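Notes for the one structure printed next.
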Amino acid sequence: MAVSRTQGALFGTEWTTGELNHLAALVGGSDESVTDRDQLAVTYPVTGDEIADIPLLGQADVEHAVERSRAAASEWQALSPADRAAILDRFAALVEDNREELLDLIQLETGKARQHAVEEFIDVPMTANYYAEQGPALLADEKRAGALPVITRTEVMYDPVGVVGVISPWNYPFNLSMTDLLPALMAGNGVVIKPDKKTPFVALRLVELLVQAGVPEDVCIVVTGEGPVVGSALVDAVDYITFTGSSETGRIVAEQAGRNLIDCSMELGGKNPMVVLEDADIDVAARGAVQGCFTNAGQLCLSMERIYVVDDIFEEFLEAFVAETERLTLGGDFDYTADVGSLIDDAQLERVATHVEDARERGATVHTGGQKRPDIGPCFYEPTILTDVSADSLPACEETFGPVVRVEPVDSVDAGIEAANDSEYGLNASVWTGDRDRGHEVARQIASGTVCVNDAYAVGWAALDAPMGGVGDSGIGRRHGPEGLKRYVEPKTIASSALGPMNAPPAVPNSVFARGIMRSTQLLRKVNKRIRNLSITFVRKS
Ligand code: NAD
């Protein structure tokens, strides 16, 4: 079925091809004509129909975009942090004002269920408000202890790094473009963003709203095209790169950033474990597992792909989990009727199907799911629960990134912790128990950037004041919280001396000065130690 390219709403949304073409024309920045570049069709995953084209930029286009962003950013940097914060607050309000059209656009380019579009939608205004609130204090100059008391003065200031490159994936294009961009903007940087070629339109629309909120034109620019061409050119042109995607590509990008001696943050893949303790509420844990495994059809970096359940409750948990999963409905409508949407494309569908087939051939039991659903759309796959998955099968060895989970019994909590830690990844984990304190205790023993107790991922992701990121193959660096902003600044130290150079004055022999300076630093260390001990005693007593 061909889609009308002339006028009229697309698939029951308010969006028309004309409007998407308008967004595509924003690629590369203002007044930048890239319309003569080769074009790539973007499709609506639920039907496989083409919805609009985007230009495939080359290296020179990306370099030009970074130059434009750098030039435009000087006006942006000159604003006070409080003024930049006010613009981020306006942006948050504009996003809220345009909620329904934005939800439609997220669904149109990802094929996800509306409730999952909502999850990523709410993150953006919350992040904008968070950094607007915290940014001015985090960016304020600080006084630090100097080399010598009274005689010296030491200040630290936080300059923007320059232009930040944001490379984002297709699974959460709305919040993964903004969650790293907004703190970079707050810090006074220019930003050039490269969304995945399958999902470029939400980023373009959000940049349009940023301009409407008051960010000067070209401070934020979207570049589109092939990852190895456009992404790689971006890493070579910017002053900092933040990448979200697979660990495989992350290694390439981090290596390139290292060669260029620029800093980077890498938010990469996961094989996230869920550990269910014997005192867990089984119905609550089963509902949590459904959310943890099948949100966005499992195409969520934080989702659970391995569940370890203490023996005593294994059968009961499995039964409840299968029953909850079988209640889910698949669909792609622009309303809240479907619980689970489409996979993004044929390649993702084949990956998921291959993982399940491989597990089946090696002896796994499929308790529910395990089938493609072409009757609903070309890329739908049923939520699938496996047991008896052999250790050498694909879903045991690799991230599936789809609606597939394996469930295993373990004979103790310690065995569950050991199994959870038996992975090269460490992005997110989840612990289920009737005793929250015990849950926190178990969480401490799991090697992961985030561990959620009695929730799969939302309670960790939505804690915007707390850092989030991965250990091991799951990444480098952290987003969210003060850490998410401080990565985008160059701390600069300014130190001065009231008595001129810290060296021997003209009439003082070097040997006398050396003895004097050694004695005074010794004395200073003793005084500092005494003060430290006194304050420890005071804290213990109070
Ligand atoms: P991907 O690595 O294939 O692509 C991610 C981005 O990198 C895309 O924009 C792509 O165009 C670009 N890219 C590809 N090759 C490049 C290169 N050589 N240089 C620079 N950029 C390049 O990942 P994907 O398939 O789009 O996303 C799925 C993966 O992302 C999964 O592994 C998932 O776990 C991970 N992910 C992680 C997080 C997180 O926060 N940790 C969030 C979402 C997704």
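In this text, all values refer to a predicted model and were calculated from it rather than measured experimentally. Whatever order the structure lists them in is the order used to number ligands and atoms, beginning at 1. By convention here, the first residue in the shown sequence is residue 1.
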Worksheet item: Does any N/O atom on Arg479 come nearer than 3.5 Å to any N/O atom on ligand 1?
Response: yes
Fill in: Minimum-distance protein heavy atom relative to atom 32 (O) of ligand 1
Glu399 OE1, 2.6 Å
Practice prompt. For atom 3 (O) of ligand 1, find the nearest protein heavy atom and state the residue, atom name and distance (0.1 Å precision).
Written response: Thr249 OG1, 3.8 Å
Discussion item. What I want to know is whether Ser247 and ligand 1 share at least one N or O pair that is separated by under 3.5 angstrom.
Written reply: no
Worksheet item: Among side-chain atoms of Arg479 and Thr179, is any donor-acceptor pair under 3.5 angstrom?
Response: no
Item to complete: Give the atoms of ligand 1, by number and element, whose distance to some non-hydrogen atom of Gly269 is under 4.0 Å.
Response: 32 (O), 34 (O)
Worksheet entry | Contact atoms of ligand 1, heavy-atom distance to Glu267 under 4.0 Å | 37 (C), 38 (C), 39 (C), 40 (O), 41 (N)
Worksheet item: Parallel under 30°, tilted from 30 to 60°, perpendicular over 60°: which one fits the rings of Tyr44 and Phe334?
Response: parallel
Worksheet item: Are the side chain of Gln348 and the backbone of Phe401 linked by a donor-acceptor contact shorter than 3.5 Å?
Response: yes
Worksheet item: What protein heavy atom sits nearest atom 11 (O) of ligand 1, and how far away is it?
Response: Lys194 NZ, 2.9 Å
Worksheet item: Hey, are Ser393 and Arg406 close enough side-chain-wise for a donor-acceptor pair under 3.5 Å?
Response: no
Worksheet item: With a 4.5 Å heavy-atom cut-off, do Asp263 and Glu490 have their side chains touching?
Response: no
Discussion item. For Ala65, is there any backbone N or O sitting under 3.5 Å from a side-chain donor or acceptor partner on Ser69?
Written reply: no
Discussion item. Taking 4.0 angstrom as the limit and counting only heavy atoms of Val253, give me the atoms of ligand 1 inside it, by number and element.
Written reply: 19 (N), 20 (C)
Response to the item:
Closest to atom 2 (O) of ligand 1 by heavy-atom distance, out of Ser246, Gly475, Ser303, is Ser246
Response to the item:
Within 4.0 Å of some non-hydrogen atom of Leu176, the atoms of ligand 1 are 42 (C), 43 (C)
Discussion item. Has Glu267 got a side-chain atom pairing as donor or acceptor with Gly470's backbone, closer than 3.5 angstrom?
Written reply: no
Discussion item. Show the atoms of ligand 1 that are less than 4.0 angstrom away from any heavy atom in Gly231.
Written reply: 20 (C), 21 (N)
Item to complete: Please state which part of Asn171 comes within less than 4.0 Å of ligand 1, counting heavy atoms only: side chain, backbone, both or neither.
Response: side chain
Worksheet item: Which residue holds the protein heavy atom closest to atom 13 (N) of ligand 1, what is that atom called, and what is the gap in Å?
Response: Gly227 CA, 3.5 Å
Practice prompt. Give the numbers and elements of all ligand 1 atoms closer than 4.0 Å to a heavy atom of Pro169.
Written response: 26 (O), 27 (O), 43 (C), 44 (C)
Practice prompt. Considering heavy atoms of the protein only, find what lies nearest to atom 9 (O) of ligand 1 and give residue, atom and distance to 0.1 Å.
Written response: Ser168 O, 2.7 Å
Item to complete: Can you measure from CD (Gln256) to CG (Asp236) and round to the nearest 0.5 angstrom?
Response: 4.5 Å
Item to complete: Identify the protein heavy atom lying closest to atom 30 (O) of ligand 1, giving its residue, its atom name and the separation to 0.1 Å.
Response: Gly245 C, 2.9 Å
Worksheet item: Touching ligand 1 at all, Phe243? Heavy atoms, strictly under 4.0 Å?
Response: yes
Practice prompt. Report yes if some N/O of Trp170 lies less than 3.5 Å from some N/O of ligand 1; otherwise report no.
Written response: yes
Worksheet entry | Closest approach of any protein heavy atom to atom 39 (C) of ligand 1, naming residue and atom | Cys301 SG, 3.3 Å
Worksheet item: Looking just at side-chain N and O atoms, do Thr110 and Tyr172 make a donor-acceptor pair shorter than 3.5 Å?
Response: no
Fill in: Leu427 neighbourhood, listing ligand 1 atoms whose heavy-atom distance to it stays under 4.0 Å
41 (N)
Worksheet item: Using heavy atoms and a threshold below 4.0 Å, how should the contact between Phe401 and ligand 1 be classified: side chain, backbone, both, or neither?
Response: side chain
Worksheet item: Do any nitrogen or oxygen atoms of Thr244 lie less than 3.5 angstrom from nitrogen or oxygen atoms of ligand 1?
Response: no
Discussion item. Counting C-beta onward and ignoring hydrogens, is there a side-chain heavy-atom pair between Val124 and Ser177 closer than 4.5 Å?
Written reply: no
Discussion item. Under a 3.5 Å cutoff, is there a donor and acceptor pairing between the side chains of Glu119 and Tyr457?
Written reply: yes
Item to complete: Kindly indicate, with the supporting measurements, whether the criterion salt bridge (charged side-chain N to carboxylate O under 4.0 Å, His left out) is fulfilled by Glu408 and Arg306.
Response: CA-CA 8 Å; Glu408 273 181 33; Arg306 330 177 255 148; over 6 Å; no
Item to complete: Using a strict 4.0 Å threshold on nitrogen-to-oxygen distance, state whether Arg114 and Asp104 make a salt bridge.
Response: yes
Practice prompt. Give a yes or no on whether a salt bridge exists between Arg70 and Glu67, defined as a side-chain N under 4.0 angstrom from a carboxylate O.
Written response: no
Response to the item:
Atoms of ligand 1 under 4.0 Å from any heavy atom of Ser232, numbered from 1 in the order shown, are 19 (N), 20 (C)
Worksheet entry | Protein heavy-atom partner closest to atom 6 (C) of ligand 1 - residue, atom, separation in Å | Ile167 CG2, 3.6 Å
